[in-house]
**Q** 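One structure, as structure tokens, below. Some questions next.
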Amino acid sequence: MSAANIANVSTTTPAPSDFIRDIVAQDVASQRFAKIVTRFPPEPNGYLHIGHAKSICLNFGIARENNGQCNLRFDDTNPVKEDIEYVDSITHDVRWLISGWADQCLGQKTKGAVPTAQIFNDKPDFHIGAAPLGAPEVEAFFASDYFEQIYAYAQQLIKLGMAYVDDLTPEETEAYRGSPDRPGRPSPWRDRCIAENLDLFGRMRAGEFPNGARSLRAKIDMTSPNMWLRDPLLYRIRHVAHHHAGDKWCLYPLYDFAHCLSDYLEGITHSVCTLEFEVHRPLYDWILQSLELPRTLPHQYEFAKLNVGYMIFSKRRLLQLVEEGAVEGWEDPRMPTLSGARRRGIPASAIRRLAAIVGVTKYESVTDIALFEHAVREELNPIAARRLAVLHPMKVVLTNIPAGETWVCAATNNPQDEVTTTRDLALTREVFIESDDFAEIPPPKYFRLKPGGEVRLKYACIIRCDEVIKDAAGQITELRCTADLTTRAGGANVDKKVKGTIHWVSASHCIDAEVRLYDRLFTVPEPGATDDFRKHLNPHSLQVVTGKLEESLVNAQPGESFQFERLGYFTPDNKNFTPGRPVFNRTLTLRDTWVKPGQPK
RNA sequence: UGCCCGAUGGUGUAAUGGUAGCACGAACGACUCUGACUCGUUCUGUCUAGGUUCGACUCCUAGUCGGGCAGCCA
């Protein structure tokens, strides 16, 4: 099973419905737009995580269900926080997440393209479209590719008397703004004439003024109860180079100004974002309406972002974990990042399934991590090949099988398959079983191996424990058992029932492999609820063991998923991979409904 | 003591004035060469108070609780 195959699973679930899709459906019905175009607009200042995945699934899902398009656009208006490393990882992660599902909807542009002039309804207009599907040299959209056009829109706003250059310092600007329950005061520079504003704005671009000396502001209403309408800043001076635009600019637009115009330039029809931007919507509309643009304007819709128990999604905190070494980088399998999830063996389809389960609402909730784990198991169960592996080995000697003798056992690769396929396992005198699967003093209802008891070695035969061998310290060193070879497949007593069936590997036909057992990164459901989230790091989130694995696993490749029977789902690590010496990551344990006596769940 | 948004079982959601349903979870049971999967049964819900209506989760009013807004971040 290749990574590509995994990504192809479960692409046929019924189209979900939610309040945003309802709006889109109405717009489709009324033929308001020729084509539905959405966008996913990350800022390249961190890695994508499962929270972003909800937005990706929504935006690409809408495009997919309406034969539309979803642009990947980097919202890169703040060069001091952004980096090309993030551009690359985000591009990769988006492609991974939509692979086999919405590839055909991914809007990208011809490499190096910028918005071009056109006439629309007899009016001058600017637009940038997607490169045709399959075009050779393509790249994501970048807001920074629109800087020239956005600058021109700013000039137009000045000419309309709707923007002005302000000389207030950042501190003064804050003081003049007032507070949510107290109106702001107009800047003394608010009523500069258009010619002076234009001149000053040009000199800001020319680099005549230091950082923070002047800004461009929209002229709206300093007394508005909506803080974002109190003459919001449109441009600030930053004498720094940009990772994508180079050193061409020392003047950068702010989010509110760049975002709505980027949406317009790309022909976005539905601009979907998270709830915290709800109060920005009047500004989004104000800017687009003020500029008297010829084409149908995009509209912004907001939904609640994803929260999942025992995870954190704050970029700042995730960066902190990386920088402080609490994890091994952004791609650590314990991280909620998409690259971490991929390395952990979580299929993209499972993340899409989660998005479908949680839906889209305006209610801010915390999703039970059980929903996520359910989605993962649901995707992995049908596709993960079954293998036998012993993580905490205990030696068992089958005293009635001579050394060197081999009994071949056919093992089913996946009971979920319609057509059963098998592989051969070797049963030999010495095998390993899981130490948990033997109890010298068994608790009630324990139906694995115990002294004098019987258990089935899966795919092989029933064994009986005759003797427990211990060292001087009283530690069990091996079990001496008798194999009932008549209970093998095809044997006379194959139908003999025993309560327990356990996994095992032959001591002479197994490989040693490092297996990394991951658990949740935090010990509390809402680690982000307190300032000191690091206090709740799970000290046992990674346990490394050397397991005994059935031989066939020696050829396992990154991107493949296996179920180690009775243990969980595992995948070869894609970072520490040496052909012939795979290191395995545990994706997730199997659901375990056996309540150990005395251990409430 | 400003403005905006929200509230349905333990969790995520559906019902768009007409039987409160689904999934997860939990409990019990069946099945089982994975204590998995699968199957069956059960469990728990409309924030509060008024109002409109033959009928309200849905509409109105007030309240309660939660979230957001005072970056030259996005």
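By convention in this document, chain letters (A, B, ...) are assigned in the order of the sequence lines, proteins followed by strands, and residues within each chain are numbered from 1.
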**Q** What residues form a salt bridge (Lys or Arg N to Asp or Glu O under 4.0 Å) with A/Lys548, not counting sequence neighbours?
**A**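 If we apply the salt bridge (Lys or Arg N to Asp or Glu O under 4.0 Å) test to A/Lys548, skipping adjacent residues, the hits are A/Asp512.
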**Q** 5'-most contact on RNA chain B: A/Arg281 or A/Leu457, nearest heavy atom basis?
**A** A/Arg281
**Q** Taking only residues two or more places apart in sequence or in another chain, which ones pass salt bridge (Lys or Arg N to Asp or Glu O under 4.0 Å) with A/Arg236?
**A**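 Once residues adjacent in sequence are excluded, A/Arg236 has no partner under the salt bridge (Lys or Arg N to Asp or Glu O under 4.0 Å) criterion.
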**Q** With nearest nucleotides of RNA chain B determined for A/Asn381 and A/Lys54 from heavy-atom distances, which residue corresponds to the more 5′ nucleotide?
**A** A/Lys54
**Q** Tell me: CG of A/Asp181 to P of B/U1, nearest whole Å?
**A**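 Whole-Å distance recorded here is 11 Å.
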**Q** Does the ring of A/Tyr151 carry A/Arg205 above it, NZ/CZ under 6.0 angstrom from centre and within 45° of its axis?
**A** yes
**Q** List, with names and distances, any nitrogen or oxygen atoms from the protein found under 3.5 Å away from nitrogen or oxygen atoms belonging to nucleotides 66-74 of chain B.
**A**
unit_1	atom_1	unit_2	atom_2	d
B/G67	O2'	A/Glu364	OE1	3.0
B/G67	O2'	A/Glu364	OE2	2.5
B/C69	O2'	A/Trp228	NE1	3.3
B/C72	OP1	A/Arg177	NH2	3.0
B/C72	OP2	A/Arg177	NH1	3.2
B/C72	OP2	A/Arg177	NH2	3.4
B/C72	O3'	A/Arg238	NH2	3.3
B/C72	N4	A/Leu168	O	2.9
B/C72	N4	A/Pro170	N	3.3
B/C72	N4	A/Gly212	O	3.2
B/C73	OP1	A/Arg238	NH2	2.6
B/C73	OP2	A/Arg236	NE	3.1
B/C73	OP2	A/Arg236	NH2	2.8
B/C73	OP2	A/Arg238	NH2	2.5
B/C73	O3'	A/Arg236	NH2	3.1
B/C73	O2'	A/Asn78	ND2	3.0
B/A74	OP1	A/Thr77	OG1	2.5
B/A74	OP1	A/Arg236	NH2	3.0
B/A74	OP2	A/Tyr255	N	2.9
B/A74	O3'	A/Asp75	OD2	3.3
B/A74	N6	A/His280	NE2	3.3

**Q** Rounded to whole angstroms, how far apart are CG on A/Asp437 and C1' on B/C33?
**A** 14 Å
**Q** Kindly assign one of parallel, tilted or perpendicular to the pair A/Tyr47 and A/Tyr86, based on the angle between their ring planes and the thresholds 30° and 60°.
**A** perpendicular
**Q** Looking at B/G6, B/G12, B/C33, which one has an atom nearest to any side-chain atom of A/Lys497?
**A**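 The answer is B/C33, which lies nearest to the side chain.
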**Q** Given atom CG of A/Leu588 and atom P of B/A36, what is their separation to the nearest angstrom?
**A** 15 Å
**Q** Under the side chain to side chain contact (heavy atoms under 4.5 Å, CB included) test, which residues partner A/Pro525, sequence neighbours left out?
**A** A/Tyr310
**Q** Can you name the residues that form a side chain to side chain contact (heavy atoms under 4.5 Å, CB included) with A/Gln416, not counting sequence neighbours?
**A** A/Asn381, A/Arg386, A/Asn414
**Q** Of the options B/G10, B/U34, B/G6, whose atoms approach the side-chain atoms of A/Asp368 most closely?
**A**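 Comparing B/G10, B/U34, B/G6 against the side chain of A/Asp368, the answer is B/G10.
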**Q** With the 90 degree cut-off around zero defining syn, does B/G21 come out syn or anti?
**A** anti
**Q** Reading RNA chain B 5' to 3', what string of ( ), [ ], | and . shows its pairs, if Watson-Crick and G-U wobble pairs count only when both distances fall under 3.5 Å?
**A** .((((((..((((....[..))))((((((.......))))))...(((((..]....))))))))))).....
**Q** State which residues pass salt bridge (Lys or Arg N to Asp or Glu O under 4.0 Å) with A/Arg591; sequence neighbours excluded, sorted by chain then number.
**A** none
**Q** With sequence neighbours left out, write down each residue that passes salt bridge (Lys or Arg N to Asp or Glu O under 4.0 Å) with A/Glu565, or none if nothing qualifies.
**A**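 Checked A/Glu565 against salt bridge (Lys or Arg N to Asp or Glu O under 4.0 Å); matches are A/Lys458.
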**Q** Could you tell me how far apart A/Leu391 (CG) and B/U34 (C1') are, to the nearest whole angstrom?
**A** 15 Å
**Q** Just do the side-chain contact (heavy atoms from CB on, under 4.5 Å) check on A/Tyr301 and A/Leu58 with the steps written out, would you?
**A** CA-CA 12 Å; A/Tyr301 305 93; A/Leu58 211 211; over 6 Å; no
**Q** Just how far, in rounded Å, is P of B/C37 from CD1 of A/Ile383?
**A** 16 Å
**Q** Please produce a list of atom pairs where a protein N or O lies less than 3.5 Å from an N or O of nucleotides 28-31 of chain B.
**A**
none

**Q** What is the distance, rounded to the nearest whole Å, between atom CG of A/Leu590 and atom P of B/U34?
**A**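 Atom-to-atom, A/Leu590 to B/U34, this comes out as 12 Å.
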**Q** In whole Å, what is the span from the CZ atom of A/Arg353 to the P atom of B/C24?
**A**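 In whole Å, B/C24 P lies 10 Å from A/Arg353 CZ.
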**Q** Using the side-chain heavy atoms of A/Arg591, tell me which of these nucleotides is nearest: B/C33, B/G35, B/C37.
**A**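 The answer is B/C37.
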**Q** Kindly say whether the aromatic ring centers of A/His242 and A/Phe147 come within a distance under 6.0 Å.
**A** yes
**Q** side-chain hydrogen bond (donor to acceptor under 3.5 Å, both in side chains) with A/Glu172: which residues, sequence neighbours excluded?
**A**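 Scan of A/Glu172 (side-chain hydrogen bond (donor to acceptor under 3.5 Å, both in side chains), adjacent residues dropped) gives A/Thr169.
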**Q** Would you list the protein and nucleotides 40-48 of chain B atom pairs, both N or O, that sit under 3.5 Å from each other?
**A**
none

**Q** Using a heavy-atom cut-off of under 4.0 Å over every strand shown, decide if A/Asp22 touches base, sugar-phosphate, or nothing.
**A** base
**Q** Taking only the side-chain heavy atoms of A/Asp592 (C-beta and beyond), determine which of B/U1, B/A36, B/G35 contains the nearest atom.
**A**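 Given the options B/U1, B/A36, B/G35, the side chain of A/Asp592 is closest to B/G35.
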**Q** Residues in side-chain hydrogen bond (donor to acceptor under 3.5 Å, both in side chains) with A/Asp231, at least two apart?
**A**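 For A/Asp231 the side-chain hydrogen bond (donor to acceptor under 3.5 Å, both in side chains) partners, ignoring immediate neighbours, are A/Tyr164, A/Arg190.
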**Q** Flag the pair A/Phe142 / A/Phe74 as yes when their ring centroid distance falls below 6.0 Å, and as no otherwise.
**A**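 When the ring centroids of A/Phe142 and A/Phe74 are compared, they turn out to be within the sub-6.0 Å range.
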**Q** Send over the distance from A/Asp417 CG to B/C37 P, rounded to a whole Å.
**A**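 Going from A/Asp417 (CG) to B/C37 (P), I get 17 Å.
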